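Here is the structure we will look at.
It should be emphasised that the depicted structure is a prediction, and the values quoted were computed from it without experimental measurement. The figures here come from the full heavy-atom set of this structure, side chains too, leaving out hydrogens, waters and symmetry mates.
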Amino acid sequence: MAEAHQAVGFRPSLTSDGAEAELSAPVLQEIYLSGLRSWKRHLARFWNDFLTGVFPASPLSWLFLFSAIQLAWFLQLDPSLGLMEKIEELLPDWGGQHHRLRGVLAAALFASCLWGALIFTLHVALRLLLSYHGWLLEPHGAMSSPTKTWLALVRIFSGRNPMLFSYQRSLPRQPVPSVQDTVRKYLESVRPILSDEDFDLTSVLAQEFLRLQASLLQWYLRLKSWWASNYVSDWWEEFVYLRSRHSLMVNSNYYMMDFLYVTPTPVQAARAGNAVHALLLYRHRLNRQEILPTLLMGMRPLCSAQYEKIFNTTRIPGIQKDHIRHLRDSRHVAVFHRGRFYRVGTHSQSGLLSPRALEQQFQRILDDPSPACPQEEHLAALTAAPRDVWAQVRSSLKTQAEDTLEAVEGAAFFVSLDSEPAGLTREDPAATLDAYAHALLAGRGHDRWFDKSFTLIVFSNGKLGLSVEHSWADCPISGHMWEFTLATECFQLGYSADGHCKGHPDPSLPQPQRLHWDLPEKIHLSISLALRGAKTLSGNVDCHVFPFSHFGKSFIKRCHLSSDSFIQMALQLAHFREPQRRAMFRLAVEKHQALLKAAMSGQGVDRHLFALYIVSQFLHLQSPFLDQVHSEQWQLATSQIPVQQIHLFDVHNYPDYVSSGGGFGPADDHGYGVSYIFMGDDTITFHISSKKSSTKTDSHRLGQHIEDALLDVACLFQEGPRPKLRCRGLQEEDSGHRHGSLPCHTGGSRAPTKSTNL
């Protein structure tokens, strides 16, 4: 529930005379609209599936079935048991010479009906199979006979060569957990952090909730779960993100980092050219559904719906709530450099521009000596303003500069060519790494278009980064795209010996189009106020990034523990600074694993309680228990950045060429935002954020506590005294460890031009 407390309160609609409408009407209307949106998405995917292959069948399977029926008919066999004759009788009589045509049409119609019935049966069977979660409860590495049988059936019914959206219509509905189980799990989770008096009060409120309101609220959720494919996802998107009126910067957007220890080229325009080209290659694969669907623990497919809005997407501000605008295609990117905006086309008549041609266009922007127009330099600070303020200003801006605004909001994505360098340096490694994270999370408050689905940030020394708007998708989606981008631009596309993109410039390309804003006088003050607020918010964020390299995933596996649960328990130990013993730590890890698996199977606590709270607000039902749950402040918000495509990176020959993850702002003014990523087998990189205005938090202090906690826990599982911490890249005496610690920028020996794993 770390994010759910941001869900804003709201009032249902009123009747024309001002009286409150019937209590059940708003929630029933919302359930109806949720289902309508869900079915529209299903129909859109059905048409897409039909065009690209009806999974797990294919258009060729229909041809095979039709041919088999025709052959049987030729051999005077009737596989339809008389149905084709009935169909033929219903067809119009076109005369004796067309009798054979009527027979073919009847066979085609019968084949289509049989084919559709078989596909429907496959989908139903696969949906029933995917509803099984028993495999999640089994010990790691051990698989029972029922699970082996289940896995074999899933593979049989899944067909071969699935595409990105192949499983969408076969995924089971999100189950609504038992409200009694959810309340029990919630009380169990808060027991260790509440005093006896507070816990007794919470227990009383919980029992009162179960007795008075729970059954009615649960009934509405079950109704929604049958009508819509997911009973919580659209409400989560709307009430946690789109209805929030806070600034997107720090509060919602998160960032992704470049390689930590290497920079493939110091040429800013070249890095931008390769990165943009790689991103557009990913979009091309996405449009063709050539991205493999993600499998949970390599066994169960996950929903791929969030991939649909990676590109050509903008969050549009509104007075009461925002909405997400997604275009089917966009053939340009919007670029920001030194307060100026540009429109750069990404395609020519022959197709996608080459990396060298894109580099040429970005270099033209860097070389452009023209100054920014008054107020234009800080215009993007409006996207960091409170959402209702930006919505009002945008209305005026759209009237005065509609074409320019459309060029930015209608772009495939936003590119910021930063005038400053970033990344790890030997002179001051810790400070520069923290500054790098801060630049990605907040920038200067006016050099990112925070509404875009993501902004590609290219620093003056060639370092890359990503700023991602959160409402359209979660981190694994953008992380998957980012892994592909880094691997493709570095290993596949590569750079020449002088650091430029490979290939030749195209002098026939027109100059990038400079975008001019006709800014009315009345919004100048709004821009100034937005910039002041953005700088205040940016200055209040304390970022700390450190790679922990004494041990990593391989050591944790040798301890026979879940790597994610191991880190989560170490974070709790660091935050609360309490001693633990080996047996207690192992029990805590096992408990975390059990809760994680329950969440994977749809039996988690926070989303269910959130949905119950939303229904209670629609119905005007006051529940002190749900109000307390909703108002809780979560001081430690954590997240793991998953590495999903390890095959793209040769971690053994090029251990430096792995993503260093990303981070996000704290969910609470007196709390921490902590994310971590396992880099290879021997390094864990942590990203910590907090508010400088809080007297209770300090990102660097928590970082030290995390280091101490990890080493203390490691001592529980190995012989001998506590080892000395060695953090690669952050201590001078360790500068030669594993290829050295300095960023490299060449197209030569350090930077690979081809990966053996690609």
Side-chain angles (χ1 to χ4, degrees), residues 2 139-141 188-193 260 430 544-599 634-643 658 660-661 663 671-690 697-731 734 737-738:
H140 183 69
E188 185 180 281
S189 68
V190 299
R191 181 64 187 95
I193 60 177
L260 192 59
H544 180 46
V545 179
F546 69 94
F548 177 87
S549 59
H550 182 76
F551 63 83
K553 184 164 53 177
S554 59
F555 169 78
I556 300 174
K557 286 184 176 179
R558 290 197 299 270
C559 299
H560 303 290
L561 297 171
S562 162
S563 54
D564 184 53
S565 298
F566 183 97
I567 299 299
Q568 286 288 338
M569 294 306 101
L571 291 177
Q572 295 291 330
L573 175 61
H575 182 61
F576 292 104
R577 296 180 294 281
E578 296 176 355
Q580 281 178 303
R581 298 296 182 185
R582 176 172 176 170
M584 294 175 63
F585 187 86
R586 187 178 291 277
L587 285 174
V589 167
E590 291 173 353
K591 180 63 175 179
H592 181 268
Q593 268 295 97
L595 294 174
L596 178 62
K597 290 179 178 180
W634 297 92
Q635 297 179 358
L636 186 63
T638 65
S639 177
Q640 180 192 166
I641 308 294
V643 179
V658 289
S660 49
Y672 293 102
V674 181
S675 68
Y676 52 95
I677 183 172
F678 294 96
M679 298 172 59
D681 290 331
D682 301 314
T683 303
I684 312 167
T685 298
F686 291 88
H687 300 251
I688 307 172
S689 67
S690 61
T697 59
D698 185 304
S699 297
H700 293 74
R701 181 179 62 199
L702 180 62
Q704 186 60 58
H705 289 158
I706 292 174
E707 292 179 353
D708 292 340
L710 288 172
L711 290 174
D712 287 340
V713 171
C715 290
L716 298 176
F717 294 92
Q718 69 176 14
E719 300 292 336
R722 169 176 168 169
K724 179 182 178 182
L725 174 66
R726 291 196 306 153
C727 193
R728 173 177 171 243
L730 300 183
Q731 294 184 1
D734 194 37
H737 176 55
R738 228 175 50 188

So how far is it from Ile684 CD1 to Glu707 CD, rounded to the nearest 0.5 Å? 11.0 Å
Could you give the distance from SG (Cys715) to CG (Leu710), rounded to the nearest 0.5 Å? 11.0 Å
If you round to the nearest 0.5 Å, how far is CG of Leu561 from CD1 of Ile567? 10.5 Å
For Arg558, the side-chain hydrogen bond (donor to acceptor under 3.5 Å, both in side chains) test, sequence neighbours excluded, returns none
Step by step, would you call Leu571 with Phe686 a side-chain contact (heavy atoms from CB on, under 4.5 Å)? CA-CA 11 Å; Leu571 291 177; Phe686 291 88; 4.2 Å; yes
Spacing of CD1 belonging to Ile641 relative to CE belonging to Met679, to within rounding of 0.5 Å: 12.5 Å
Looking at every heavy atom in both Gly680 and Lys553, which two are closest together, and how far apart are they? O-CE, 3.9 Å
Measuring only between side-chain heavy atoms, which start at C-beta, is Ile688 closer than 4.5 Å to Phe546? yes
Point-to-point distance, once rounded to the nearest 0.5 Å, from OG of Ser660 to CG of Leu260: 4.5 Å
Distance-only polar pair, side chains of Thr683 and Ser549, donor-acceptor under 3.5 Å: no
If I compare all heavy atoms of Ser675 with all of Gly663, which pair ends up nearest, and what's the gap? OG-CA, 3.4 Å
Residues which pass side chain to side chain contact (heavy atoms under 4.5 Å, CB included) with Val713, listed by chain and number, not counting sequence neighbours: Phe566, Leu573, Phe585, Phe717
Residues at least two apart in sequence or cross-chain that pass side chain to side chain contact (heavy atoms under 4.5 Å, CB included) with His700, listed by chain then number, are Asp434, Asp542, His544, Asp698
My understanding is that only residues two or more places apart in sequence, or in another chain, count here; which of them pass side chain to side chain contact (heavy atoms under 4.5 Å, CB included) with Ser189? Tyr186
Quick check: closest heavy atoms across Ser690 and Thr697, and the distance to 0.1 Å? CB-OG1, 3.7 Å
side-chain hydrogen bond (donor to acceptor under 3.5 Å, both in side chains) involving Thr638 - partner list, sequence neighbours excluded: Gln568
Go through it in stages, so that I can follow the logic: the residues are Ile677 and Val643, the test is side-chain contact (heavy atoms from CB on, under 4.5 Å), and I'd like the CA-CA distance, side-chain angles, deciding distance and then a yes or no. CA-CA 8 Å; Ile677 183 172; Val643 179; 3.9 Å; yes
Could you tell me the separation between the CZ atom of Phe548 and the NE2 atom of His550, rounded to the nearest 0.5 Å? 6.5 Å
Would you say Gln572 and Leu636 make side-chain contact, with heavy atoms under 4.5 Å? yes
Show your reasoning for whether side-chain contact (heavy atoms from CB on, under 4.5 Å) applies to Ser689 and Tyr672. CA-CA 6 Å; Ser689 67; Tyr672 293 102; over 6 Å; no
Would you mind listing every side chain to side chain donor-acceptor pair (under 3.5 Å) that reaches into residues 583-596, with sequence neighbours excluded? Glu188-Lys591, Ser562-Gln593, Ser565-His592, Ser565-Gln593
